Amino acid sequence: MSSNQPGFSTLAIHAGAAPDAATGARATPIYQTTAFAFDDVDQAAALFGLQAFGNIYTRITNPTTAVLEERVAALEGGTAALAVASGHAAQLGVFHTLLQPGDEFIASNRLYGGSINQFNHSFKNFGWNVVWVDMADEEALKNAVSGKTKAIFLESLANPGGVVIDIEMVSKVAKAAGVPLIVDNTLATPYLCRPIEHGADIVVHSLTKFMGGHGNSMGGIIVDCGTFDWIASGRYPMLSEPRPEYQGMVLAETFGNFAFAIACRVLGLRDLGAAISPFNAFLIATGIETLPLRMQKHCDNALAVAEWLEAHDKVEWVQYAGLASDPCHALAQKYLPKGAGSVFTFGVKGGYEAGVKLVSSTGLLSHVANIGDAKSLIIHPASTTHRQLTDEQKTAAGAGPEVVRLSIGIEDVADIIADLEQALAEI
Amino acid sequence: MNHERYDDTYIRGILDEVKTIAVVGASANTVRPSYFVVKYLISKDYDVIPVNPGHSGREIAGAMTFASLTDIDRPVDMVDIFRNSEAAMGVVEEALELDPLPKVIWMQLSVRNDEAAKLAEAKGVKVVMNRCPKIEYARLCGEIGWAGVASNVISARKPKLQQGFQRFGINRHTKAGQ
Ligand SMILES: Cc1ncc(COP(=O)(O)O)c(C=O)c1O
């Protein structure tokens, strides 16, 4: 019964997961059910009216998923979280709660390609207009703010280039503009960086990657940092205006510093429907138990591989913020002191043909369009994920003909290097 | 007493000890936070007494409302204040006139009056400020986690299952989270 603050590794294992109340099962049970039987109509009415805590239907809440949510909220230092079907669903949920048609948001131009697509295409269909900015340029960022700006979005450690953004600088601009800062913390995970400590108001993840850690489950999550005052702002009607379907309840008033997560759940998830399966939530929550161990090993292995590649005569350049030579190294030391993650790119001599040959020649590294697996992964973006772009677009997106992306796993690093060595010899 | 941060053991001790709770400023409007608190505390088997002069003699969530603390017909263990920080002083002064004295003065989230707290503490009355008893109960018993809200509590002891639909009690050993 002590009130000492538990450490990160303790939270990764225990947060959210007491023994099951009914059976004492010590592992988190998989509540693979769509619905929960009511005792009486009064209880049901209280739950539907958001007056009581409890589970009704798995699209809205589920006890297995709740373990994952509380765990990630604790690790990020947030007030609450909402797990959903994928990282993209998490982003959709956040913007659905914040934006009205005709609103704008500012996004870093260094993002995962899928997010660039989501913002450029699907979001524009909803009338949510993205304004792209190079977040290394503070003036450009300030100039991009307009009366229509409702949010700022960035990746703490950007996919694929491993670019580190100065979160505190962006947070100052967001505060001056009176809008929440949303940080995608997928590549860093809270083990390497806690964006809330640098001024983030909302954190999102693709749990599909390092959080789950084993390449077996899609998932995403929205973390409410509890830092933004929706009532004082008054610019976010989903939170600060009475809701007709809840008899005129004002969510920000009723749920205080976790109102954003509740709004994403009882308005967004309820209507958009991208719920995570309890089985996936179980696998991801189990994966997170070893996050601190895995993440450190991912980083240590990645640094060793990056240093080895930098010295290789068939390699033109290596872009990894963990390397002392990298332009992002100073920012990485500030925001990610334990390591710069395990996703990075390098340029192979010989261009497109050499890139294709390399990814076709590995025996241990898997050729897949994914990152954040325990296994080491490799891909040649120009011939796969970025194939539909013109040459100029490819280069601008950091997917030029010579670029190879790695997601270094947690195997023995000597084996990873040996596989890359034999594959480079094939070129 | 440090009113910036409360130990979980202090809060749990209070919620374990009190049986009768007067909620000053309770609303009959079913979407107001004060109504939620009355309803939730009743569901946790507390004897809840709404206090609201505009609603006296009528029920809120099934509990009979009184016009003022001094009108209440039975001893009150805890006074929960749903008024603004300034108005809290008057409520505390009235509460300290009660005989027997309440054991606890509780001021809701965003309500804080240090002067009033000193008055109460000088008479041996425990004080909690800027907290919600519904949130604290749900946090300590584990129910709040179902809504994805961080309880900041970890435990290797199973939650105490109560009679009814998905109901937990607060009496178990826990370790505070962050
Ligand atoms: C940084 C980042 N954010 C978001 C996503 C999208 O996540 P998901 O594939 O789970 O929808 C990804 C996926 O690669 C990603 O790398």
Side-chain angles (χ1 to χ4, degrees), chain A residues 1-6 10-11 14-24 26 36-40 43-44 46-47 49-55 61-63 65-67 69-70 73-74 77-83 224 242-243 246-250 253-258 261-262 265, chain B residues 5-13 29-40 43-44 61-62 108-110 132 134-135 137-139 141-169 172-178:
Chain A
M1 286 256 258
S2 115
S3 60
N4 295 338
Q5 304 303 304
T10 304
L11 290 174
H14 286 276
D20 183 53
T23 63
R26 190 61 194 94
F36 299 81
F38 299 122
D39 273 1
D40 55 63
Q43 185 64 35
L47 287 167
L50 308 180
Q51 292 165 348
F53 299 103
N55 304 280
T61 63
N62 175 279
T65 304
V67 172
E69 291 166 337
E70 200 180 338
T79 53
L82 171 65
D224 185 346
R243 291 302 307 184
Y246 293 109
Q247 291 79 45
M249 183 190 298
V250 175
E253 191 180 80
T254 304
F255 297 104
N257 69 355
F258 51 86
I262 298 286
R265 183 187 302 278
Chain B
R5 197 188 164 281
Y6 299 106
D7 239 51
D8 285 351
T9 45
Y10 178 68
I11 300 287
R12 179 183 281 104
N29 179 341
T30 58
V31 298
R32 300 296 302 165
S34 61
Y35 179 88
F36 278 36
V37 168
V38 168
K39 178 140 179 150
Y40 186 76
S43 82
K44 292 301 171 193
Q108 276 293 329
L109 266 178
S110 83
C132 171
K134 178 187 178 193
I135 292 177
Y137 194 108
R139 203 173 67 71
C141 76
E143 286 179 4
I144 207 165
W146 287 327
V149 178
S151 66
N152 295 336
V153 164
I154 60 178
S155 182
R157 303 279 153 196
K158 61 184 187 192
K160 295 283 184 242
L161 207 53
Q162 295 179 330
Q163 194 73 43
F165 181 82
Q166 299 180 8
R167 291 176 68 215
F168 290 164
R172 66 172 172 155
H173 285 272
T174 59
K175 181 169 168 54
Q178 42 94 59

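Order of the sequence lines fixes the chain letters, A, B, ..., with proteins taken first and strands second; residue numbering starts at 1 for each chain. Because the structure is a prediction, the values reported are computed rather than measured.
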B/R32, part contacting chain A, at a heavy-atom distance under 4.5 Å: side chain
Chain B contact via A/F258 - side chain, backbone, both or neither, heavy atoms under 4.5 Å: side chain
Selection from A/A80, A/A17, A/G24 maximising heavy-atom pairs under 4.5 Å formed with chain B: A/A80
Chain B contact via A/A37 - which portion, at a heavy-atom distance below 4.5 Å: backbone
A/Q43 portion near chain B, given a 4.5 angstrom heavy-atom threshold: side chain
Residue pair B/K39 / B/K134, side-chain heavy-atom distance below 4.5 Å: no
Contact summary for A/P6 and B/I154, nearest pair of heavy atoms: CG-CD1, 3.8 Å
Nearest non-hydrogen partners of B/C132 and B/V37, listed with the distance: SG-CG2, 3.8 Å
Gap separating the CD1 atom of B/I11 from the CD1 atom of B/I135, nearest 0.5 angstrom: 12.0 Å
Atom group of B/I144 that falls short of 4.5 Å from chain A, counting heavy atoms: both
Contact origin within A/D20 toward chain B - heavy atom pairs under 4.5 Å: backbone
A/F53 vs B/F168 side-chain heavy atoms within contact, under 4.5 Å: no
Chain A interface, residue from B/G148, B/G145, B/A138 that has the most non-hydrogen pairs under 4.5 Å: B/G148
Audit row: B/Q166, A/L47, side-chain contact (heavy atoms from CB on, under 4.5 Å) steps and yes/no: CA-CA 11 Å; B/Q166 299 180 8; A/L47 287 167; 5.5 Å; no
Contact class of A/I262 relative to chain B, heavy atoms under 4.5 angstrom: side chain
Reported CG-to-CG distance for the pair A/N257 and A/D224, which is rounded to 0.5 angstrom: 7.5 Å
Which portion of B/T30 sits near chain A, non-hydrogen atoms under 4.5 angstrom: both
When A/G256, A/A66, A/A21, A/A44 are compared by non-hydrogen pairs under 4.5 Å with chain B, the top option: A/A21
Ring centres under 6.0 angstrom apart (A/F36, B/W146): no
Proximal component of A/T79, with respect to chain B [non-hydrogen, under 4.5 Å]: backbone
